[in-house]
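Let me begin by presenting the structure, written as structure tokens, before commenting on it.
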Amino acid sequence: MEKRLFLFIVISMLTLLTACGNGQEDSTEGYSAPSDKPDEPVVTGEVQELQELESEATGPYLADSEGMALYYFTEDESDTSNCTGDCLVNWPAFTAEEVEVPEGYDREVFNTITRDDNGEEQVTYKGYPLYYFINDTAEGDVNGQGVNDAWFTVNNMTEFPE
């Protein structure tokens with residue numbers, strides 16, 4: 001008799017605990033898990049106030065509001081990103097709903113494209129998509145400059161092939 005009573009109590013408790021969890025809204029909706037890298041660049045759709053910084057290695061370069069360098073990929077074409085899959089792991093797309101440009105830059109040459117792979121709106125400069133570099137972890141880092149002779153920082157003097 002005691003075993004049955006014990007079993008009844010255990011089953012009742014499990015039923016009660018299961019019932020308490022049902023019908024509750026998922027509290028993680030709209031939540032973004034924290035990044036493994038606390039200094040990871042902002043890549044949300046927020047308004048970004050761009051700035052021009054300077055480095056001995058690159059001279060003046062365009063950075064986001066957190067001071068993270070922005071790069072272009074020489075394998076891209078105007079209004080087309082050719083950085084997909086594993087490339088995007090190392091070179092995350094720079095996305096923003098709106099950008100405010102620093103003095104000396106023409107707002108008219110900034111736009112967005114819709115990426116074919118994930119549908120995100122990626123910011124472009126003179127038609128060329130902009131990216132971050134995963135190994136840039138702090139304001140002022142320009143570790144992506146010249147990688148594979150294909151990745152370069154952007155400034156107001158940057159010219160792209162027509």
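Owing to the predicted nature of the structure, the values given are computational and were not obtained by experimental measurement. Position 1 is the first residue of the sequence, and the numbers go up from there.
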Side-chain touch Thr114/Glu120, heavy atoms, less than 4.5 angstrom: no
Side chain Gln122, main chain Leu130, donor-acceptor under 3.5 Å: yes
Centroid-centroid under 6.0 Å between Tyr131 and Phe94 rings: no
Contacts of type salt bridge (Lys or Arg N to Asp or Glu O under 4.0 Å), residue Asp117, not counting sequence neighbours: Arg115
Separation of Trp151 CH2 from Asn90 CG (nearest 0.5 Å): 9.0 Å
OG1-CG distance between Thr58 and Leu53, expressed to the nearest 0.5 angstrom: 9.0 Å
Hydrophobic cluster membership, Ile113 vs Leu62, 4.5 Å side-chain cutoff: no
Heavy-atom pair with the smallest gap, counting every atom of Asp64 and Gln51: O-NE2, 2.9 Å
Residues Tyr72, Phe152; criterion side chain to side chain contact (heavy atoms under 4.5 Å, CB included); working and verdict: CA-CA 6 Å; Tyr72 73 95; Phe152 299 95; 3.6 Å; yes
Spacing of Asn111 atom CG and Glu121 atom CD [to the nearest 0.5 Å]: 9.0 Å
Note, Thr153 side chain near Leu70 side chain (heavy atom, < 4.5 Å): no
Test side chain to side chain contact (heavy atoms under 4.5 Å, CB included) applied to Val101 and Arg107, Gln48, Glu49, the passing residue: Arg107
Residues, nucleotides or ligands: over 12 heavy atoms within 6.0 Å of Asp116 CG: no
Test item: Lys126 side-chain N/O and Thr158 main-chain N/O as donor-acceptor pair under 3.5 Å: yes
Separation of Thr74 OG1 from Phe160 CZ (nearest 0.5 Å): 10.5 Å
Flag side-chain contact, heavy atom, 4.5 Å: Thr80 against Asn82: yes
N/O donor-acceptor pair under 3.5 Å between Asp76 side chain and Tyr128 backbone: no
Ring centre gap for Trp91 and Tyr71 strictly below 6.0 Å: yes
Main-chain N/O of Gly104 paired with Asn156 side-chain donor or acceptor, under 3.5 Å: yes
Donor-acceptor contact present, side-chain Asp141 to main-chain Asn143, <3.5 Å: no
Counterpart residues, side-chain hydrogen bond (donor to acceptor under 3.5 Å, both in side chains), relative to Glu52 (two or more places apart): Tyr105
Side-chain (Asn148) to main-chain (Ala150) donor-acceptor, under 3.5 angstrom: no
Minimum side-chain heavy-atom gap Tyr61-Ser55 below 4.5 Å: yes
Qualifying disulfide bond (SG atoms under 2.5 Å apart) pairs, either residue in residues 72-118, two or more places apart: Cys83-Cys87
Closest approach of Pro102 to Leu50 (non-hydrogen atoms, all atoms of both residues): CD-O, 3.6 Å
